[in-house]
Amino acid sequence: QVQLVESGGGLVQAGGSLRLSCAGSGRTFSSYFLGWFRQAPGKEREFVAAISWRASTDYADSVKGRFTMSRDNSKNTVYLQMNSLKPEDTAVYYCAADRSYSDIRSSKGDYWGQGTQVTVSS
């Protein structure tokens, strides 16, 4: 099994930056696809970014060019660097893990963290 814990959320002004971390445990962590998702008040959970064990990445159009996802398998950690933040980025951000890319992409990961709040003020 994999356990995931997000951190790094907080309050930031528009145009600022934050880096989220997702620390995982599990012997097979490096073979999992990892994803970042977010859910804003009154909205459905939204795909943000995903990364494979080979570090290939995929991003939602809304964050492409502003967010960068990476992973450090030696530390069992995945990151989301968020730059040029906008008020519409405000949400609870979750990380997820799954052996299947399609399950990650469709927000059906087998393992989920507890979420971390990101608030962007204007």
Side-chain angles (χ1 to χ4, degrees):
Q1 296 187 354
V2 175
Q3 292 180 308
L4 304 170
V5 180
E6 302 96 334
S7 63
L11 175 64
V12 65
Q13 292 185 342
S17 298
L18 285 173
R19 189 176 79 158
L20 306 183
S21 298
C22 177
S25 63
R27 188 171 181 175
T28 60
F29 179 87
S30 63
S31 66
Y32 280 72
F33 293 94
L34 276 298
W36 284 101
F37 303 83
R38 65 188 183 186
Q39 187 166 23
K43 298 181 64 178
E44 297 181 351
R45 186 168 55 192
E46 176 188 17
F47 168 79
V48 176
I51 192 167
S52 73
W53 66 275
R54 297 179 181 179
S56 297
T57 52
D58 186 24
Y59 299 94
D61 288 341
S62 60
V63 306
K64 194 170 297 183
R66 300 188 298 120
F67 291 9
T68 302
M69 189 175 182
S70 61
R71 67 190 296 170
D72 186 341
N73 290 332
S74 68
K75 298 181 178 179
N76 283 352
T77 301
V78 64
Y79 305 95
L80 185 67
Q81 178 66 46
M82 304 185 295
N83 298 325
S84 301
L85 283 163
K86 304 174 181 179
E88 53 262 43
D89 295 319
T90 295
V92 177
Y93 283 71
Y94 301 89
C95 66
D98 202 286
R99 298 293 298 272
S100 168
Y101 172 78
S102 61
D103 285 350
I104 283 289
R105 191 61 180 81
S106 62
S107 302
K108 296 181 179 180
D110 286 338
Y111 305 99
W112 292 84
Q114 83 289 347
T116 185
Q117 177 71 47
V118 172
T119 302
V120 184
S121 62
S122 60

Can you label the angle between the Phe37 ring and the Trp112 ring as parallel, tilted or perpendicular, going by 30° and 60°?
-> tilted

Only pairs at least two apart or in different chains count here, so list each side-chain hydrogen bond (donor to acceptor under 3.5 Å, both in side chains) that has a residue in residues 47-60.
-> Asp58-Tyr101, Asp58-Arg105

Listed once per pair and sorted, the disulfide bond (SG atoms under 2.5 Å apart) pairs that draw on residues 30-64, sequence neighbours left out | none

Got a donor-acceptor contact below 3.5 angstrom from the Asp98 side chain to the Asp110 backbone?
-> yes

Thr90 side chain to Val120 backbone, donor-acceptor under 3.5 Å | yes

For the atom pair OG (Ser70) and CG (Leu34), what is the distance rounded to the nearest 0.5 Å?
-> 10.5 Å

Does the Gln39 side chain pair with the main chain of Ala91, one donor and one acceptor, at a distance under 3.5 Å?
-> no

In short, disulfide bond (SG atoms under 2.5 Å apart) pairs touching residues 50-92 with sequence neighbours left out are none

Heavy-atom neighbours of Gln3 CD exceed 12 at 6.0 Å = no

Just how far is it from atom CD1 of Ile51 to atom CD1 of Ile104, taken to the nearest 0.5 Å?
-> 12.0 Å

Spacing of Tyr79 atom OH and Asp72 atom CG [to the nearest 0.5 Å] = 5.5 Å

Using a side-chain heavy atom cutoff under 4.5 Å and only I, L, V, M, F, W and Y, what cluster partners does Val5 have?
-> none

Determine whether Tyr32 and Tyr111 make a side-chain contact, defined as any pair of heavy atoms from C-beta on separated by less than 4.5 Å.
-> yes

Could you list all the disulfide bond (SG atoms under 2.5 Å apart) pairs where at least one residue sits in residues 72-121, not counting sequence neighbours?
-> Cys22-Cys95

Which residue pairs pass the salt bridge (Lys or Arg N to Asp or Glu O under 4.0 Å) test when at least one of the two sits in residues 74-97, sequence neighbours left out?
-> Arg38-Asp89, Arg66-Asp89

Would Tyr94 and Val63 show up in the same hydrophobic cluster when neighbours are defined by side-chain heavy atoms closer than 4.5 Å?
-> no

